[in-house]
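Note sheet for the following structure.
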Amino acid sequence: LAWEPASVRSAIDEIGAARFAIAAGVWDHLMPGVGAQISDTVCIPLWDSLRQGRWRQACGLATVEEVLAGDEEAVATAKVHRWLALDQGHGPEMIRRDAEAWDVTGLPDHFRMARYLLLREDEAALAMVREFVAAGMISTQHLSSWPIFDRASRPGGARGRGRVEARLL
């Protein structure tokens, strides 16, 4: 059998995310309450996966993050991560219905901004970003480190990293 390297990589990524889910689930079962800590720390490998184009792995990690989340804000963060991964792999139409239906009432304002970005309503999101930076709620370091800004930072939404500060501020 001849396998395409990208297909093998995708399979390995899904297996890796499944292994992580099993280990995290067992750990949380053996030490109740540790799941929230796992959920809080999974963002770094998840973000790395997104930035490497390994969206299947990122999606699996985000699913674990959501299942083990300790509060509604952590659940919302995990949803954003999972939608970013699905958008990366399948395009924005894959997440549009869920993102449009997402009720961000009662969540911190940055989730409304994330919803705008997920729905490609960049101008509304960028206006909020400017307000957040001016109020000291987020820094330019956040703009260059958070994956949700990666697409919005590039003219035309092309793949690859760009300078978000130049477009947003």
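No hydrogens, no waters, no symmetry mates; every other heavy atom, side chains included, goes into these values.
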Q. What are the two closest non-hydrogen atoms of Asp28 and Gly33, and how far apart are they?
A. OD1-N, 3.3 Å
Q) Going by an N to O cut-off under 4.0 Å, is there a salt bridge joining Glu93 and Arg96? A) yes
Q. Can you check whether Asp98 reaches Leu86 side chain to side chain, under 4.5 Å on heavy atoms?
A. no
Q) Quick one: are Asp109 and Arg112 in side-chain contact, heavy atoms under 4.5 Å? A) yes
Q. Can you tell me how far SG of Cys59 sits from CG of Leu46, rounded to the nearest 0.5 angstrom?
A. 9.0 Å
Q.
For Glu72, is the CD atom crowded, meaning more than 12 foreign heavy atoms sit under 6.0 Å from it?
A. no
Q | Nearest heavy atoms of Pro45 and Thr41, plus distance in Å | A | CD-O, 3.8 Å
Q. If you take all heavy atoms of Gln88 and Arg54, which pair is closest and at what distance?
A. OE1-N, 3.9 Å
**Q.** Heavy-atom pair with the smallest gap, counting every atom of Glu65 and Ala78
**A.** OE1-CA, 3.4 Å
Q.
Quick check for you: to the nearest 0.5 Å, what is the distance between Ser145 atom OG and Ile138 atom CD1?
A. 9.5 Å
Q) Between atom CG of Leu119 and atom CH2 of Trp102, what is the distance when rounded to the nearest 0.5 Å? A) 9.5 Å
Q | Plane angle bin for Trp47 and His81 - parallel if under 30°, tilted between 30 and 60°, otherwise perpendicular | A | perpendicular
Q | Name of the residue among Val42, Thr77, Val75, Leu61 meeting side-chain contact (heavy atoms from CB on, under 4.5 Å) with Glu66 | A | Val75
Q. Quick one: NE2 on His90 to CD1 on Ile95, what's the gap to the nearest 0.5 Å?
A. 11.5 Å
Q) Are Ile15 and Val67 linked, directly or through other ILVMFWY residues, by side chains that come within less than 4.5 angstrom of each other? A) no
Q | Interatomic distance, Asp103 atom CG to Arg115 atom CZ [nearest 0.5 angstrom] | A | 8.5 Å
Q: Locate the shortest heavy-atom distance separating Ala17 from Gln57; write the atom from each residue and the value.
A: CB-O, 3.9 Å
Q) Where do Ala69 and Ser39 come nearest, in terms of heavy atoms and distance? A) CA-OG, 3.5 Å
Q | Residue among Arg9, Arg56, Arg19 satisfying side chain to side chain donor-acceptor pair (under 3.5 Å) with Glu14 | A | Arg56
Q) So, Arg51 and Asp48, do they make that salt bridge, N to O below 4.0 Å? A) no
Q. Distance from His142 atom NE2 to His110 atom NE2, nearest 0.5 Å?
A. 10.0 Å
